[in-house]
Student: 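Shown below is the structure under consideration.
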Amino acid sequence: MGKAEHLDNSYRSIHPTIEIMDSTLRDGEQTNGVSFLPHEKLVIARMLMHDVNVDRVEVASAGVSDGEKEAVSMICRYAKTIHMLHKVEVLGFVDGTKSVDWVKSCGGEVLNLLAKGSLKHCHHQLHKTPQEHIDDIKDVVEYADRMGVAVNLYLEDWSNGMKDSQEYVFEIIDALQDTSIKRYMLPDTLGVMNPLEVVSYMRKMIKRYPKLHFDFHAHNDYDMAVTNSLAAVLSGAKGLHVTVNGLGERCGNAPLSSVQVILKDHFHAHTSIHEDKLNDISQMVEGYSGIVVAANQPIIGDNVFTQVSGVHADGDRKDNLYCNALVPERFGRKREYALGKTSGRANIAKNLEELGLELTPEQTRRVTQRITELGDKKEIVTKEDLPFIVSDVLKHDAPEDKVKLVSYVVSTAYGLKPGANVKVEINGKQYEASSTGDGQYDAFVKSLRYIYRKYLNRTFPLLSNYQVTIPPGGRTDALVQTVITWRGDDGRLIRTRGLDADQTEAAIKATFKMLNIVEDEITS
């Protein structure tokens, strides 16, 4: 048995428990263009602690702004009511009493103290000797002890410290290991490490300080944040730092979802994470941050549980031949079978089966041919489009819409909010409403929401995602494709498509497809 295999087998027999600290609201907010409002931070923190069940959340940097103080205070008040205040952590600095007082004034109990983990940072940024820096750290820790604030210690630029100045790193920890510091957090601040280096340096830390708790904090500059995080665990680290959707400065941090599934499936480690909530927190952070998750992002991307090839769909029908441990239901999702030029009859059959439509082999062949033609034109075909394609191909009468757009006017003018006047017919009865919004489509949807709330006493599905595809080439008359994802009262997602030369009109077409799908289900 080789050395690597022996280490792997030894590790698997231990099944360690790994502490997960989420830094979306601190390090994740350092993503270019991302700034969370106080109430957004509260909502994200609540879901992370209560639903996703992370062990700890780092929610802000001390002293940044009044908005940060308001957010941290709100989070601490909430966390205290559910007996989780010890999970809330704030990044602070070696600044005497300032950071400790700031955390205390917000109602917090935990300070993540940012110290220098490399001699270069200590000399060139602080202009201090190692002993001077140690003395300053001890002053903060002793003051925090008196104020009842627990301290974890970040060793910023630890990775370069281990490469260039290991004796400095050891000098810092030698001097602090008998203080009240609870965790020593080791960042690869510039994302420069590879897994072999992580293993080497982490083992040196643990061999020298076997009684200390070490966290590892990865950055993704070389696309190795997840791999390096797992190397740290393999080497004995007890905690990992992650962010939702991998948000973070430059190339970001290790994504929560990827770290979780690899820890569980490949290392048989135990964590506290509720996997069925990973998709929900991903979508929430995507919406608040404005940073779109790539469709092929593992676990949380739109496409990761979508089979496109007809061969794969055929294998799934026969004995789940193309499934692995990452089943979508594990994450509160559902496997889909895409419709396009490579779909084949097996994909079509899977979708027809879900819709309760039965076709002969010849009819299925004709529908497949039409979908292939649409795919060649780069048009997206959703499952919701399938009944209309079937009706068109087989020359059946298309089902009559129960929800019809009678007329609408949308307007926009400089200095004024866009407005919409909408008249619709629902099950033979007409309704009319007007509204303003942040855009023409927003005003249109607000008018519909008003009609559904006032006249029908019903809720209107929530818009979950909105994607617009405009062909390149500068043609102003090109068809715009709008794909909108809606979330119904039961949590089910409905995705509809609209195609038109006008972007607002394309979105309206997608909206009315969705409304008719919902109405058909209610009245059937």
Side-chain angles (χ1 to χ4, degrees), residues 16 18-34 48 52 54-58 89 91 112 114 117-118 154-163 183-203 205 214-267 269 271 273 275 278 281-282 285-286 289 291-301 304 326:
I18 303 301
E19 201 175 66
I20 301 295
M21 191 271 270
D22 185 278
S23 187
T24 304
L25 299 177
R26 198 278 300 175
D27 212 350
E29 197 178 29
Q30 291 177 198
T31 306
N32 184 31
V34 173
L48 283 169
V52 182
V54 297
D55 296 289
R56 298 144 53 202
V57 286
E58 191 175 45
E89 302 174 5
L91 180 74
N112 290 343
L114 187 68
S118 69
Y154 269 116
L155 288 174
E156 185 182 17
D157 199 37
W158 168 80
S159 49
N160 279 318
M162 291 300 288
K163 288 184 177 185
R183 300 176 183 88
Y184 290 81
M185 307 193 295
L186 310 177
D188 182 14
T189 303
L190 300 179
V192 296
M193 300 181 83
N194 64 54
L196 295 178
E197 291 171 324
V198 174
V199 169
S200 174
Y201 297 149
M202 187 64 70
R203 284 181 177 169
M205 300 293 291
F214 291 112
D215 283 2
F216 181 68
H217 180 107
H219 279 264
N220 204 37
D221 295 68
Y222 281 94
D223 202 19
M224 289 193 288
V226 173
T227 309
N228 285 342
S229 296
L230 300 171
V233 169
L234 181 63
S235 307
K238 295 180 180 178
L240 292 177
H241 297 186
V242 298
T243 60
V244 177
N245 299 342
L247 292 182
E249 200 159 24
R250 304 185 311 278
C251 300
N253 295 25
L256 165 62
S257 52
S258 296
V259 168
Q260 163 60 25
V261 298
I262 298 176
L263 278 177
K264 181 175 180 179
D265 292 3
H266 289 272
F267 289 92
T271 70
I273 302 300
E275 292 184 335
L278 290 174
I281 189 65
S282 170
V285 170
E286 181 182 41
S289 68
I291 304 297
V292 178
V293 174
N296 64 340
Q297 177 78 18
I299 314 304
I300 53 176
V304 296
L326 299 175

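FYI, the numbering just counts along the sequence from 1. Nothing here was measured: the structure is a model prediction, and the numbers come from that model.
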Student: Give a yes or no answer on whether the side chain of T31 reaches the backbone of G248 with a donor-acceptor pair at less than 3.5 Å.
Tutor: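 Here the side-chain-to-backbone pair exists.
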Student: Taking side-chain hydrogen bond (donor to acceptor under 3.5 Å, both in side chains) as the test, write out the residues that go with E286, two or more places apart.
Tutor: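 None.
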Student: Does K238 have any salt bridge (charged side-chain N to carboxylate O under 4.0 Å, His left out) partners at least two apart in sequence or in another chain, and if so, which?
Tutor: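 Testing K238 for salt bridge (charged side-chain N to carboxylate O under 4.0 Å, His left out), a comparison that skips the adjacent residues, returns none.
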Student: Can you tell me how far apart CG (N220) and CD (E249) are? Round to the nearest 0.5 Å.
Tutor: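 The CG atom of N220 sits 13.5 Å away from the CD atom of E249.
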Student: Distance check, rounded to the nearest 0.5 Å: L25 atom CG versus T243 atom OG1?
Tutor: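 Interatomic distance, L25 CG to T243 OG1, rounded to 0.5 Å: 10.5 Å.
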Student: Between V198 and F216, which heavy-atom pair has the shortest distance, and what is it?
Tutor: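 Closest approach of V198 to F216, heavy atoms only: CG2-CZ, 4.1 Å.
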Student: Please round to the nearest 0.5 Å and tell me the distance separating atom OH of Y184 and atom CE of M205.
Tutor: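 With rounding to 0.5 Å, OH (Y184) is 9.5 Å from CE (M205).
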Student: Among residues two or more places apart or on two chains, list those pairs meeting salt bridge (Lys or Arg N to Asp or Glu O under 4.0 Å) that have a residue in residues 187-202.
Tutor: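 Every pair satisfying salt bridge (Lys or Arg N to Asp or Glu O under 4.0 Å) with a residue in residues 187-202: K163-E197.
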Student: Output all residues satisfying side-chain hydrogen bond (donor to acceptor under 3.5 Å, both in side chains) with S282, sequence neighbours left out; order by chain, then residue number.
Tutor: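 Counting only residues at least two positions away or on another chain, S282 forms a side-chain hydrogen bond (donor to acceptor under 3.5 Å, both in side chains) with N245.
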Student: Hey, could you give me the CG/CG distance between L247 and L256, rounded to the nearest 0.5 Å?
Tutor: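 Atom-to-atom, L247:CG and L256:CG are 11.0 Å apart.
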Student: Can you see which heavy atom on V293 is nearest to which on G301, and at what distance?
Tutor: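 That would be CG1-CA, 4.2 Å.
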Student: Is any side-chain heavy atom of L186 closer than 4.5 Å to a side-chain heavy atom of D215?
Tutor: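 Of all side-chain heavy-atom pairs linking D215 with L186, none is under 4.5 Å.
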Student: Can you find a heavy atom in the side chain of D265 that is under 4.5 Å from one in the side chain of L326?
Tutor: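 Yes; the side chains approach each other to less than 4.5 Å.
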Student: Which atom names give the shortest non-hydrogen contact between A218 and S229, and what distance separates them?
Tutor: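 Heavy atoms of A218 and S229 come nearest at CB-OG, 3.6 Å.
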Student: Can you confirm if the aromatic rings of H217 and Y154 lie within a centre distance of less than 6.0 Å?
Tutor: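 So the answer is yes for these two rings.
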Student: Please lay out, stage by stage, how V242 and I20 fare under the test side chain to side chain contact (heavy atoms under 4.5 Å, CB included).
Tutor: CA-CA 7 Å; V242 298; I20 301 295; 3.7 Å; yes
Student: CD1 of I281 to CD1 of I300: how many Å apart, nearest 0.5 Å?
Tutor: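 Result: 10.5 Å between the selected atoms.
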Student: List the atom of N253, the atom of A225, and the distance in Å for their closest heavy-atom pair.
Tutor: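 Reported closest heavy-atom pair: C-CB, 4.1 Å.
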Student: Can you name the closest pair of heavy atoms from Q297 and P255 and give their distance?
Tutor: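 Closest approach of Q297 to P255, heavy atoms only: NE2-CG, 3.9 Å.
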Student: Applying side chain to side chain contact (heavy atoms under 4.5 Å, CB included), run through L240 and M21 and close with a yes or a no.
Tutor: CA-CA 6 Å; L240 292 177; M21 191 271 270; over 6 Å; no
Student: Could you measure the distance from the CG atom of N194 to the OH atom of Y222? Nearest 0.5 Å is fine.
Tutor: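 Result: 10.0 Å between the selected atoms.
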Student: Taking the side chain as everything from C-beta on, heavy atoms only, tell me whether L190 gets closer than 4.5 Å to D221.
Tutor: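 A side-chain contact is absent here, since even the closest heavy-atom pair is not under 4.5 Å.
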Student: Restricting to non-hydrogen atoms, name the atom on G239 and the atom on I18 that form the minimum distance, rounded to 0.1 Å.
Tutor: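 Taking every non-hydrogen atom into account, CA-CG2, 4.3 Å.
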Student: Can you sort out the partners of T271 under side-chain hydrogen bond (donor to acceptor under 3.5 Å, both in side chains), two or more places apart, ordered by chain and number?
Tutor: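 Partners of T271 under the side-chain hydrogen bond (donor to acceptor under 3.5 Å, both in side chains) test: Q260.
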Student: I'd like to check the side chain to side chain contact (heavy atoms under 4.5 Å, CB included) partners of P195; sequence neighbours left out, ordered by chain and number.
Tutor: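 Checked P195 against side chain to side chain contact (heavy atoms under 4.5 Å, CB included); matches are M224, T227, N228, A231.
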Student: Can you list every salt bridge (Lys or Arg N to Asp or Glu O under 4.0 Å) pair that touches residues 254-264, not counting sequence neighbours?
Tutor: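 Salt bridge (Lys or Arg N to Asp or Glu O under 4.0 Å) check on residues 254-264 returns K264-E275.
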Student: For T24 and G28, indicate whether the former's side chain and the latter's backbone hold a donor-acceptor pair under 3.5 Å.
Tutor: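 Between the backbone of G28 and the side chain of T24 there is no qualifying donor-acceptor contact (under 3.5 Å).
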Student: Could you tell me which residues satisfy side-chain hydrogen bond (donor to acceptor under 3.5 Å, both in side chains) with E19, sequence neighbours excluded, listed by chain and number?
Tutor: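 For E19, the residues satisfying side-chain hydrogen bond (donor to acceptor under 3.5 Å, both in side chains) (neighbours in sequence not counted) are R56, R183.
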Student: With sequence neighbours left out, write down each residue that passes salt bridge (charged side-chain N to carboxylate O under 4.0 Å, His left out) with R26, or none if nothing qualifies.
Tutor: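 If we apply the salt bridge (charged side-chain N to carboxylate O under 4.0 Å, His left out) test to R26, skipping adjacent residues, the hits are E58.
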Student: For E29, which residues count as a salt bridge (charged side-chain N to carboxylate O under 4.0 Å, His left out) partner, sequence neighbours excluded?
Tutor: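 For E29 the salt bridge (charged side-chain N to carboxylate O under 4.0 Å, His left out) partners, ignoring immediate neighbours, are K41.
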Student: Give the C-alpha distance, both sets of side-chain angles, the deciding distance and a yes or no for side chain to side chain contact (heavy atoms under 4.5 Å, CB included) between V244 and L48.
Tutor: CA-CA 9 Å; V244 177; L48 283 169; 4.0 Å; yes
Student: Of all residues at least two apart in sequence or in a different chain, which pass the ring pair (Phe, Tyr, Trp, His ring centres under 6.0 Å) check with Y201?
Tutor: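 Per chain and number, Y201 pairs via ring pair (Phe, Tyr, Trp, His ring centres under 6.0 Å) with no residue.
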Student: Taking the side chain as C-beta and beyond, is there a heavy-atom pair between V233 and F267 under 4.5 Å?
Tutor: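 The answer is no, as the side chains (C-beta and beyond) never meet within the 4.5 Å cut-off.
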Student: Looking at residues at least two apart in the chain, or sitting in another chain, which of them share a salt bridge (charged side-chain N to carboxylate O under 4.0 Å, His left out) with D157?
Tutor: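 Partners of D157 under the salt bridge (charged side-chain N to carboxylate O under 4.0 Å, His left out) test: none.
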